[in-house]
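Working notes for the structure below.
Chain A is the first sequence line, chain B the second, and so forth, proteins listed ahead of strands; every chain is numbered from 1.
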2 protein chains.
Amino acid sequence: MLDHTDRQIINELSKNSRITMKELGEKVHLTGQAASARVAKLEDHGIIEGYSIKVNQSKIGYSVHAIIHIYTKSTNHQPYLSFIKKQEEYVLHNYKISGESCYLLECKFQSNDILDEFLTT
Amino acid sequence: MLDHTDRQIINELSKNSRITMKELGEKVHLTGQAASARVAKLEDHGIIEGYSIKVNQSKIGYSVHAIIHIYTKSTNHQPYLSFIKKQEEYVLHNYKISGESCYLLECKFQSNDILDEFLTT
DNA sequence: TCAAATCCTTTCATTAATCAAGTAAAACAG
DNA sequence: CTGTTTTACTTGATTAATGAAAGGATTTGA
């Protein structure tokens, strides 16, 4: 399925996804066009799901980083899931943990006060 | 520090960091050149730390995703930290948790057997 | 062994990025 | 209030990257 060149491409794009196809090609010993075709294929196969940036959250005012263990009482998780959807501003990631009906919620906050407010909501 | 346009730019690049500066400019009502200058400034200020891709790990053979709570016995974390450095293939993220001398380790594995092997190392 | 498919390269037209110059508005010192 | 500097932007010209098309080499399979 994936050959060495594909793995190299994934590795290079993980490090810098805004590299030009020409440069990427040079790194993996292909022309820009060939590299571009490989990348398109990886996208088509759903292996590359998207392109994003890493943001320094503390520099934009979110200095508190928290990982919160969520234990849902009811087996219906919908109320919880719609709650975190509304709280998008604070939520970085919501991990569903296997076994127990439990989540790990990775969040960012401007202050501990706001974290406390969030926790008591 | 950050105005509305900067926040829009961060938002758009979070969704798709391979957008062209021209398109980004259109989204935030600037020319490509102006958008590019804004982005360069965000990079210079360390707000944008990097550009990356989201990879579907299960499609490249890592079907097991685990979050492992690490309790270090000794206060010297160096042995642990150098261990996870060697295990880069499996490690997605290592979170230092406040308070207790403890980490949360987010990992990927090809199988539960390999996870077990990792846990007993 | 022949046909089809895959993967690459080269070439060329189109499009985007970059660089330089110029403008308008805001910030600021005298 | 005024002249100066800085900032943020636009426009226009140049350079570079992208995308499409054509063709060649290698592999796959009937």
By nearest-nucleotide position on DNA chain C, the 5'-leaning member of B:Ile19 and A:Asp3 is A:Asp3
Can you check whether B:Phe83 and B:Phe118 have ring centres sitting under 6.0 Å from each other? yes
Listed nucleotide nearest any side-chain atom of B:Thr20, set C:dT9, D:dT18, C:dA16: C:dA16
Within this structure, what is the CG-to-C1' distance between B:Leu24 and D:dC9, rounded to whole angstrom? 15 Å
Honestly curious: do B:Met1 and B:Ile48 fall in one hydrophobic cluster under the side-chain, below-4.5 Å linking rule? yes
What is the distance, to the nearest angstrom, from the CD atom on B:Glu26 to the P atom on D:dT10? 12 Å
From CG of A:Asp44 across to C1' of C:dT6 the rounded distance in Å is 15 Å
How close or far is atom P of C:dA17 from atom NZ of A:Lys22, stated in whole angstroms? 16 Å
Go nucleotide by nucleotide along DNA chain D from the 5' end; which of B:Thr5 and B:Arg18 gets its closest nucleotide reached first? B:Thr5
Quickly work out the A:Leu30 CG to C:dT10 P distance and round it to whole Å. 12 Å
Between the base of C:dT18 and the side chain of B:Gln33, is there any donor-acceptor pair under 3.5 Å? yes
Side chain of B:Glu23, base of C:dT15: donor and acceptor closer than 3.5 Å? no
Using five base pairs at each end, measure the axis-to-axis angle across the helix from C:dT1-D:dA30 to C:dG30-D:dC1 and round it to 10 degrees. 40°
CD1-CD1 distance between B:Ile67 and A:Ile67, expressed to the nearest 0.5 angstrom: 7.5 Å
Parallel, tilted or perpendicular, judged at 30° and 60°: which one describes the rings of B:His69 and A:His69? tilted
Using a cut-off of strictly less than 4.0 Å, decide whether B:Lys41 has a side-chain nitrogen or oxygen near OP1 or OP2 of D:dT7. no
Sidechain-backbone polar pair: A:Ser52 side chain, B:Ser52 backbone, donor-acceptor under 3.5 Å: no
Can you tell me if A:Thr31 touches the phosphate of C:dT9, counting only side-chain N or O atoms and a distance under 4.0 Å to OP1 or OP2? yes
Value in whole Å for how far the C1' atom of D:dT10 lies from CZ of B:Arg38: 14 Å
Atom-to-atom span, CG of A:Leu2 to C1' of C:dC7 - whole angstrom: 16 Å
Ignoring backbone atoms, establish whether A:Ser36 has a side-chain N or O less than 4.0 Å from OP1 or OP2 of D:dT18. no
Aromatic ring proximity B:Tyr51/A:Tyr51, centre distance under 6.0 Å: no
I want to know whether A:His93 and B:His93 have ring centres closer than 6.0 Å. no
Could you give the NE2-to-C1' distance, from A:His29 to C:dC7, as a whole number of Å? 17 Å
